[in-house]
2 protein chains.
Amino acid sequence: MSRSAITPDVRKPRADAQRNRERIVAVAREAFMQHGTEASLDDIARRAGVGAGTLYRHFPTREALIECVYHTEVEKLAAAGTHLQGTMPPLEALRAWMLLFIDYVAGKLLILPALDAVPGGSARLIEGSRGPIYGAFLHLIRHAIESGDLLQEVDPNDMARALIGTFHTTAMPGWEASARRIVDLLIAGARSPVQAPQQVSAGKKGAPSRKSARR
Amino acid sequence: MSRSAITPDVRKPRADAQRNRERIVAVAREAFMQHGTEASLDDIARRAGVGAGTLYRHFPTREALIECVYHTEVEKLAAAGTHLQGTMPPLEALRAWMLLFIDYVAGKLLILPALDAVPGGSARLIEGSRGPIYGAFLHLIRHAIESGDLLQEVDPNDMARALIGTFHTTAMPGWEASARRIVDLLIAGARSPVQAPQQVSAGKKGAPSRKSARR
DNA sequence: AGCTAATACGGAGACAGTCTCCACTTGTGG
DNA sequence: CCACAAGTGGAGACTGTCTCCGTATTAGCT
């Protein structure tokens, strides 16, 4: 029984290493906010008072660093989501959380550029890790569906993607207000039985197999 | 044929220059599709059979090149939009075009990474130039609103942003199908008078000034 | 056609950032 | 308190960006 039963592999996480790691992440966060995710890694290392080698041992690639910074931030938001769920009716909680998400992005509590920087885009960050945010979000949506406030056919993933997508327009002037309206648009869409517009007779080209399954 | 009469200043756009420029753009398009917009510029120059200097004279920055490639592509799609508008009822045309947009992205007829690469993101590419795509889109939406198929309150920009956002999830498994569903979600949302969910009594924190203007 | 000045070319090289390697230092368990 | 694994840092190889300028090409004039 080397270590205490579980994870008997690693010997111990040395103290200074831990400290360095944290400083790097902290400095990186600032740097990413200031110069975007293109910020010089060597520079980050320097400012964190460590050598380049140290930085690269902790975070082999730039993406690893970005991802770490990002996940650190994300936990706050996820926690908020959990809280909302306990204190509001389902649909309202969902909406409130989506708007809160926007607030986080707007207030730089969530580093936005990170969403673009990882290969595979925001997708991997959010979904790949099945991270706290995504989990919280799915939960809220499922809840709203179960309560009957949203249509059964609604795919939680769709809502998630649409919301995430919203954050890619932050360069536009009124993005925040727009994002909020889009949230309402999505929720409204997810409530009303989707009437196929007029009647979509005209055969689209590229899309052969659209299930007409909607009542 | 702008020349004759107008713009008497410039001497003439030398023939080889024009040729080179075109080759660079063509090669760049391939490169961007293969390696993303991070592709080496010197390498592009080499493959296009020109020197680095030549490339940089034509396109002082990477973004300039990306933008040029992008705009070249975009015209096709915009043209399609114009066509649809003439042959379908407004709302249907809008939906068809949004789906067509997705097809373009899916089929690599529109270079996707380009949307992420320009500082300011897709926003500047699409909106900044008030390019053909954006114009076509706004037109389709306005048409649908005028015909009464969409609610008056709907902001065309919102729809545009939401659609664009959709393309930032292409790394996810079922993105294309999801994107199509999101289109329907948006359209449905834009048709039904937005009932404030339940009743949004609970004061949200970050959003003070949401106009309750909806009936 | 022939001339010539404006225009464009291309690649060498200065510079900047990434990432590896390894001799050296430091914290920790015994 | 000591030995040694864990951790460090920075020199340097490498890769890509971008500029500068001597040389080549061409449009417009005669």
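Every chain is numbered from 1 and lettered A, B, ... according to where its sequence line falls, protein lines coming before strand lines.
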In this structure, how many angstroms lie between the [atom2] atom of [N] and the [atom1] atom of [X], rounded?
X	N	atom1	atom2	value
B:L41	C:dA16	CG	P	18 Å
B:Q18	C:dT7	CD	P	16 Å
A:D43	C:dT18	CG	P	9 Å
A:I24	D:dG7	CD1	C1'	12 Å
B:Y56	C:dG13	OH	P	18 Å
A:F59	D:dG7	CZ	P	13 Å
A:R23	D:dG9	CZ	P	10 Å
A:H58	D:dG9	NE2	C1'	12 Å

Between B:I141 and the options B:L94, B:D158, B:L91, the side chain to side chain contact (heavy atoms under 4.5 Å, CB included) test singles out B:L94

Give each protein N/O atom lying under 3.5 Å from an N/O atom of nucleotides 21-27 of chain C, with the pair distance.
| residue | atom | partner | partner atom | Å |
| --- | --- | --- | --- | --- |
| C:dT26 | O2 | A:R14 | NH1 | 3.1 |

Nearest atoms (heavy-atom pairs only) where A:R62 meets A:T37: NE-O, 2.7 Å

Show your working on side-chain contact (heavy atoms from CB on, under 4.5 Å) between B:V69 and B:I66 and close with a plain yes or no. CA-CA 5 Å; B:V69 169; B:I66 294 173; 5.9 Å; no

Per the salt bridge (Lys or Arg N to Asp or Glu O under 4.0 Å) rule, what does the pair list look like for residues 25-39 of chain A, sequence neighbours excluded?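 Listed by first then second residue: A:R29-A:E73.
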
Donor-acceptor contact below 3.5 Å, side chain A:R181 vs main chain B:V154: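 Checked: no pair found.
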
Distance test, side-chain N/O of A:S40 to OP1/OP2 of C:dA16, below 4.0 Å: no

If you compare every side-chain N and O of A:N20 against the phosphate oxygens of D:dG7 (OP1, OP2), does one of them come in below 4.0 Å?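 The answer is no; no side-chain N or O of A:N20 sits under 4.0 Å from OP1 or OP2.
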
Going by atom type alone, with no hydrogens or angles, which donor-acceptor pairs under 3.5 Å involve a side-chain atom of residues 45-58 of chain B and a protein atom two or more places apart or on another chain?
| residue | atom | partner | partner atom | Å |
| --- | --- | --- | --- | --- |
| B:R46 | NH1 | B:D43 | OD1 | 3.3 |
| B:R47 | NE | B:D43 | OD2 | 3.2 |
| B:R47 | NH2 | B:D43 | OD2 | 3.0 |

Considering only heavy atoms and no angle criterion, is a donor-acceptor pair shorter than 3.5 Å present between the side chain of A:D42 and the base of C:dC19?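 Such a pair exists between side chain and base.
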
Roughly how far, to the nearest 0.5 Å, is CZ of A:F101 from CD1 of A:I164?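 Rounded to the nearest 0.5 Å, the CD1-CZ separation comes out at 6.5 Å.
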
